[in-house]
Amino acid sequence: MNKNKVFKLAKGFRGRAKNCIRIARERVEKALQYSYRDRRNKKRDMRSLWIERINAGSRQHGVNYGNFMHGLMKENIQLNRKVLSELSMHEPYSFKALVDISRKTFPGNKNVAFPPKKEGISIVL
């Protein structure tokens, strides 16, 4: 890499890493290694975030993540985890419909007991 390109990439670095070519070259090389690695890690982190959101949404309806996904697979519903995550957060009624379909399809989901619903607190005077 030529000197101008290194300094352009090193802009914003602290200390001599932004204006001393030898140190800047090392820091830029390491920064490019980090960015390469973290582009892959970001995909991994997003997938785990989607799975956590789907799990939380499906557990509200009495089905865990594994059984929910297995039921969808058996029913041949091909929605990816990103879309399911968005549905669980922003479209709870649509997500509940998917959970109900999954529960009917997969027998492991039928034995789940629903938590008791709270009616509300009545104040007695």
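Start at 1 with the first residue, then count along the sequence.
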N/O donor-acceptor pairs under 3.5 Å from side chains in residues 19-33, not counting sequence neighbours:
none

Ring-ring centroid check Phe13 Phe7, cutoff 6.0 Å: no
Using distance only, find each side-chain donor-acceptor pair of residues 48-57 under 3.5 Å and give its atom names and separation, not counting sequence neighbours.
unit_1 : atom_1 : unit_2 : atom_2 : d
Ser48  : OG     : Asp45  : O      : 2.8
Asn55  : OD1    : Arg59  : NE     : 2.9
Asn55  : OD1    : Tyr65  : N      : 3.3

By side chain to side chain donor-acceptor pair (under 3.5 Å) - contacts of [X] (at least two apart):
X	answer
Asn76	Gln78
Lys18	none
Glu91	none

Results of salt bridge (charged side-chain N to carboxylate O under 4.0 Å, His left out) for Lys96 - residues two or more places apart only: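 For Lys96, the residues satisfying salt bridge (charged side-chain N to carboxylate O under 4.0 Å, His left out) (neighbours in sequence not counted) are Asp100.
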Qualifying residues under side-chain contact (heavy atoms from CB on, under 4.5 Å), relative to [X], sequence neighbours excluded:
X	answer
Tyr93	none
Asn41	Arg37, Asp38, Arg44
Leu79	Ile77, Val83, Leu84, Leu87, Leu98
Arg40	Tyr36

Nearest atoms (heavy-atom pairs only) where Ala10 meets Ala17: CB-O, 3.6 Å
Nearest 0.5 Å, please: how far is [atom2] in [Y] from [atom1] in [X]?
X	Y	atom1	atom2	answer
Lys74	Ser102	NZ	OG	11.0 Å
His61	Phe68	NE2	CZ	9.0 Å
Thr105	Glu75	OG1	CD	3.5 Å

Heavy-atom check, side chain of Met1 versus side chain of Leu9, under 4.5 Å: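 A side-chain contact exists here, since the closest heavy-atom pair is under 4.5 Å.
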Ser85 side-chain N/O to Arg81 backbone N/O, donor-acceptor pair under 3.5 Å: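 No, Ser85 side chain to Arg81 backbone: no donor-acceptor pair under 3.5 Å.
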